[in-house]
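Along the sequence shown, the residues carry numbers beginning at 1. In this text the structure is predicted, and so the values were computed from the model without any measurement. Computation of the quantities below employed the complete heavy-atom set of this structure, encompassing side-chain atoms and omitting hydrogens, waters and symmetry-equivalent molecules.
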Amino acid sequence: MENHEGAAAVSDGVLDFSRMSLNTFNADSVSSERKRETKQLYLNYNRLASLPSSVSLFCNLEFLDISSNGLSNICEGITRLTKLKTLIAKNNRLDEFSLPKEFGSLQLEVLNFSGNRFQEIPLQCMKLLRLESLSLGGNRLKSIPAEIENLVSLELLYLGGNLITAIPPEVANLPYLTYLVLCDNRIQSVPPQLTRLHSLRSLSLHNNLLTYLPREILSLVHLQELSLRGNPLVVRFVKEMTYDPPSLLELAGRTIKSRNIPYFPCDLPSNLLHYLDLASKCPNPKCAGVYFDSCVRQIKFVDFCGKYRLPLMHYLCSPECTSPCSSNPQSDAESEDESSVPADRLQRVLLG
């Protein structure tokens with residue numbers, strides 16, 4: 001490997017060493033002028049076991065593709081690439097111990113670690129505050145850290161093809177999240193907090209273990225595509241009804257709230273005032289009741305786009321408080337719901 005630059009594809013600001021069967025990369029063979037001018041560097045589809053620190057000599061680099069090598073670590077030198085915005089490192093042997101300590105100091109906007117060996121999302125990645133796109137599909141992730149909420153600029157989160165069992169409610173704190181891909185995991189439920197994702201347009205949940213969706217999902221007003229095929233909710237529906245009798249505290253709280261009994265901060269201890277603030281209104285339009293900790297969990301079917309009927313989790317204040325559709329034994333197949341989603345809002349529901 002005497003002269004990289006002579007064999008590389010070169011154009012304005014682009015240096016392409018892809019598919020050259022390189023075992024090492026010697027940046028010294030690239031002229032100083034070319035190093036300064038290079039904004040995009042392609043080293044993908046080679047045989048690199050590690051990324052040499054000499055990559056830091058490309059001081060104006062904005063885009064780096066090191067995909068499809070045998071990389072097991074990323075050198076400390078990458079943290080000196082202060083202008084780097086895009087790092088593509090798909091299909092390597094990277095894991096949560098492969099990144100330099102100061103990796104989070106980069107100004108990355110796009111990061112793709114799909115097809116590696118991550119069992120956890122490195123906490124260094126949670127410091128990339130300018131990150132707009134994060135892809136970790138096809139790894140071995142078992143969970144999503146609560147620190148994901150730090151990525152306040154994130155628009156795309158791709159975590160398909162992992163071993164994730166739950167969606168942390170902190171995901172709902174990503175104000176610009178537009179595309180959320182969690183397909184091919186082991187997720188059993190969707191947290192109702194996701195209703196706060198006001199920018200969400202596409203939610204991919206196919207091939208998981210979902211048996212119902214939270215009714216709050218109807219509040220995702222910009223959602224255009226919802227992918228649910230390959231979940232138990234498509235082929236079988238949950239019909240269980242569980243109920244824990246309310247405590248005396250809850251009964252008293254329900255009475256105060258449902259009868260609009262006035263109270264003031266000077267009347268009650270702060271813990272009881274906080275408790276009363278947690279009251280949830282019963283969603284049954286024919287009921288004026290409230291509940292706190294004790295409620296009936298029930299499946300209610302809603303019509304999506306006039307074509308698909310989906311089971312949504314429905315919380316009622318008591319077993320006697322049944323909504324109109326659930327009083328009909330044929331409701332699973334035939335009911336109409338007052339909260340049906342307008343056909344012009346949700347454009348695609350992928351069930352099969």
Side-chain angles (χ1 to χ4, degrees), residues 1 4-22 24-94 98-100 102-116 118 121-122 124-139 151 153-159 176 178-179 181:
M1 202 171 66
H4 285 320
E5 191 171 2
V10 179
S11 62
D12 290 343
V14 178
L15 206 54
D16 188 352
F17 291 109
S18 62
R19 302 180 187 273
M20 294 178 63
S21 300
L22 300 178
T24 59
F25 175 66
N26 182 8
D28 294 336
S29 64
V30 181
S31 69
S32 297
E33 182 181 2
R34 172 57 63 181
K35 289 190 185 83
R36 287 193 303 270
E37 293 176 349
T38 299
K39 294 186 177 181
Q40 298 182 31
L41 177 60
Y42 292 84
L43 292 169
N44 49 314
Y45 290 98
N46 282 295
R47 301 173 182 174
L48 303 176
S50 62
L51 185 65
S53 59
S54 60
V55 72
S56 64
L57 299 175
F58 295 85
C59 57
N60 292 310
L61 200 63
E62 298 178 1
F63 178 100
L64 175 60
D65 189 345
I66 51 176
S67 300
S68 301
N69 281 280
L71 297 174
S72 58
N73 68 82
I74 293 179
C75 65
E76 190 77 32
I78 198 172
T79 62
R80 293 194 287 275
L81 297 175
T82 58
K83 297 184 180 181
L84 190 65
K85 295 181 179 179
T86 299
L87 175 61
I88 311 296
K90 301 181 295 183
N91 304 325
N92 282 291
R93 300 174 182 174
L94 303 172
S98 299
L99 305 185
E102 299 302 320
F103 186 82
S105 66
L106 289 168
Q107 303 301 307
L108 290 176
E109 296 176 0
V110 177
L111 177 60
N112 192 328
F113 278 149
S114 293
N116 280 282
F118 290 94
I121 301 179
Q124 295 99 309
C125 295
M126 302 297 103
K127 298 179 181 180
L128 300 169
L129 303 186
R130 296 189 181 185
L131 203 62
E132 298 176 2
S133 174
L134 175 61
S135 299
L136 278 150
N139 278 277
L151 304 181
S153 300
L154 205 61
E155 298 177 9
L156 182 149
L157 179 59
Y158 191 108
L159 298 176
Y176 302 109
T178 305
Y179 302 95
V181 181

Query raised in the report: For the residue pair S105 and Q107, what are the closest heavy atoms and their distance?
Result: O-NE2, 3.1 Å
Query raised in the report: Hey, does I66 have a side-chain heavy atom less than 4.5 Å from the side chain of L51?
Result: yes
Query raised in the report: Is the closest side-chain heavy-atom distance between I78 and P100 below 4.5 Å?
Result: yes
Requested in this report: Evaluate the criterion side-chain contact (heavy atoms from CB on, under 4.5 Å) for residue pair D65 and T86; output intermediate values, then yes/no.
Outcome: CA-CA 8 Å; D65 189 345; T86 299; over 6 Å; no
Query raised in the report: When you look at L64 and F58, which way does the side-chain contact (heavy atoms from CB on, under 4.5 Å) test go after all the steps?
Result: CA-CA 10 Å; L64 175 60; F58 295 85; over 6 Å; no
Report summary line: Scanning both residues in full, the closest heavy-atom pair of S21 with N46 reads N-OD1, 2.9 Å
**Report entry** Any donor-acceptor pair under 3.5 Å from K35 side chain to V30 backbone
**Finding:** yes
Query raised in the report: Measuring from N69:CG to S50:OG, what's the distance to the nearest 0.5 Å?
Result: 10.0 Å
Report summary line: Looking only at heavy atoms, the pair that brings D16 and S18 closest together is OD1-OG, 2.6 Å
**Report entry** Where S133 and L154 come nearest, the two heavy atoms and their spacing
**Finding:** N-CD1, 3.8 Å
Query raised in the report: If you take all heavy atoms of S114 and N139, which pair is closest and at what distance?
Result: CA-ND2, 3.9 Å
Query raised in the report: Are any non-hydrogen side-chain atoms of F17 and L41 less than 4.5 angstrom apart?
Result: yes
Query raised in the report: Mind checking whether L48 and L43 have side chains closer than 4.5 Å, heavy atoms only?
Result: yes
Report summary line: dist K85:NZ -> L108:CG (nearest 0.5 Å) comes out at 11.0 Å
Query raised in the report: Is S153 reaching over with its side chain to a backbone N or O of E132, donor-acceptor style, under 3.5 angstrom?
Result: no
Requested in this report: Check whether any side-chain heavy atom of I88 sits under 4.5 Å from a side-chain heavy atom of S135, and report yes or no.
Outcome: no
Query raised in the report: If every non-hydrogen atom of N116 is compared with every non-hydrogen atom of L94, which pair is closest and at what distance?
Result: OD1-N, 3.0 Å
Report task. Could you tell me whether a side-chain N or O of T178 sits under 3.5 Å from a main-chain N or O of Y176, the two making a donor and an acceptor? Result -> yes
Query raised in the report: Just wondering, do L151 and M126 contact through their side chains at under 4.5 Å, heavy atoms?
Result: yes
Report summary line: When rounded to the nearest 0.5 Å, the distance separating CG of N91 from CG of L71 is 11.0 Å
Query raised in the report: Mind checking whether I121 and L159 have side chains closer than 4.5 Å, heavy atoms only?
Result: yes
Query raised in the report: Nearest 0.5 Å, what's the CG-CZ distance between L87 and F103?
Result: 5.5 Å
Query raised in the report: Quick one: are T38 and L61 in side-chain contact, heavy atoms under 4.5 Å?
Result: yes
**Report entry** Neighbour count >12 (heavy atoms, 6.0 Å) for atom NZ, K90
**Finding:** no
Query raised in the report: At what distance, to the nearest 0.5 angstrom, does CG of L99 lie from CG of N73?
Result: 9.5 Å
Query - Spacing of CZ belonging to F63 relative to NZ belonging to K39, to within rounding of 0.5 Å - result: 14.5 Å
